[in-house]
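Shown next, in structure tokens, is the structure this report addresses.
First listed ligand is number 1; within each ligand, the first listed atom is number 1. One-based numbering along the sequence shown. The basis for the numbers below is simple: all heavy atoms, side chains too, and nothing from hydrogens, waters or symmetry mates. Just so it is clear, the model here is predicted, and its values are computed rather than measured.
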Amino acid sequence: MAAPGGRSVLFVCLGNICRSPIAEAVFRKMATDSGVADKWRIDSAATSTYEIGNPPDHRGLACMKKHGVSMKHVARQVTKDDFMTFDHILCMDDSNLRDLNKKASSIKDSKAKIELLGSYDPEKQLIIQDPYYGSDKDFETVYEQCARCCKVFLEQHS
Ligand SMILES: N#Cc1ccccc1-c1cc(NCCCN2CCCCC2)c2ccccc2n1
């Protein structure tokens with residue numbers, strides 16, 4: 001449970017079984033290794049209903065095991081409450097951004113700052129592509145992008 005006065009971040013992608021659970025797990029490990037995990041509420045969600053209740057994709061699980069990062073999540077869709085309670089909502093591509101901004105526009109007291117996670121990438125790869133129809137290499141690319149971006153995001157918000 002995040003301490004009072006802590007920060008909160010929700011990672012979002014289309015199905016919440018590929019990109020956003022990887023980002024959530026990578027950020028949680030970085031916050032834990034930095035000794036600040038108890039200051040953060042960290043979660044992930046989907047813009048769609050495609051995979052609600054499902055575990056992360058097996059290719060992502062294999063990638064994260066290779067990197068020694070624990071990933072445990074049950075896919076859920078983003079809720080109105082998320083927009084009202086999270087400080088940051090970080091998504092993966094322009095379609096996610098469009099969907100989130102559309103949902104946020106109908107919520108009076110949305111407080112979340114909605115951004116592309118890739119906007120924190122020192123290598124300036126702005127979009128984290130959907131690997132659903134891709135290969136293990138594509139999941140590795142998602143992992144590397146999330147690792148670069150989460151490191152900078154944590155440094156800027158600690
Ligand atoms: N849509 C698209 C799409 C377009 C380009 C690249 C990837 C995808 C794609 C497709 C998925 N599931 C297959 C279609 C699902 N059905 C679509 C019609 C409604 C009933 C559900 C994904 C599932 C989980 C995470 C990411 C996914 N991404």
>> When you measure from the centre of the six-membered ring of Tyr120, is the NZ or CZ of Arg148 closer than 6.0 Å and no more than 45° off the axis?
In response: no
>> If the cut-off is 4.0 Å to any non-hydrogen atom of Tyr50, which atoms of ligand 1 fall inside it?
In response: 1 (N), 15 (C), 17 (C), 19 (C), 21 (C)
>> If I compare all heavy atoms of Arg19 with all of Ile128, which pair ends up nearest, and what's the gap?
In response: NH1-O, 2.8 Å
>> Between Asp33 and Lys29, does any NZ, NE, NH1 or NH2 come within less than 4.0 Å of an OD or OE carboxylate oxygen?
In response: yes
>> Using a 4.0 Å heavy-atom cut-off, which part of Ile17 comes near ligand 1: side chain, backbone, both, or neither?
In response: side chain
>> Give me the nearest non-hydrogen protein atom to atom 2 (C) of ligand 1 as residue plus atom name, then the distance to 0.1 Å.
In response: Leu14 CD2, 4.1 Å
> Among Glu24, Gln77, His73, Arg76, which one satisfies side chain to side chain donor-acceptor pair (under 3.5 Å) with Asn16?
Replying inline: His73
>> Exactly one of Thr85, Ile114, Val78 should register a side chain to side chain contact (heavy atoms under 4.5 Å, CB included) with Leu10. Which one does?
In response: Val78
> With a cut-off of 4.0 Å, which atoms of ligand 1 are near a heavy atom of Glu51?
Replying inline: 23 (C), 24 (C)
>> Among all protein heavy atoms in this structure, tell me which lies nearest to atom 28 (N) of ligand 1, with the distance rounded to 0.1 Å.
In response: Asp130 OD2, 2.7 Å
> Picking from Leu154, Val26, Asp121, what satisfies side chain to side chain contact (heavy atoms under 4.5 Å, CB included) with Cys149?
Replying inline: Asp121
> What protein heavy atom is closest to atom 10 (C) of ligand 1, reported as residue, atom name and distance in Å?
Replying inline: Tyr132 CD2, 3.6 Å
>> Which residue and atom name correspond to the protein heavy atom nearest atom 4 (C) of ligand 1, and how close is it?
In response: Tyr133 CE1, 4.4 Å
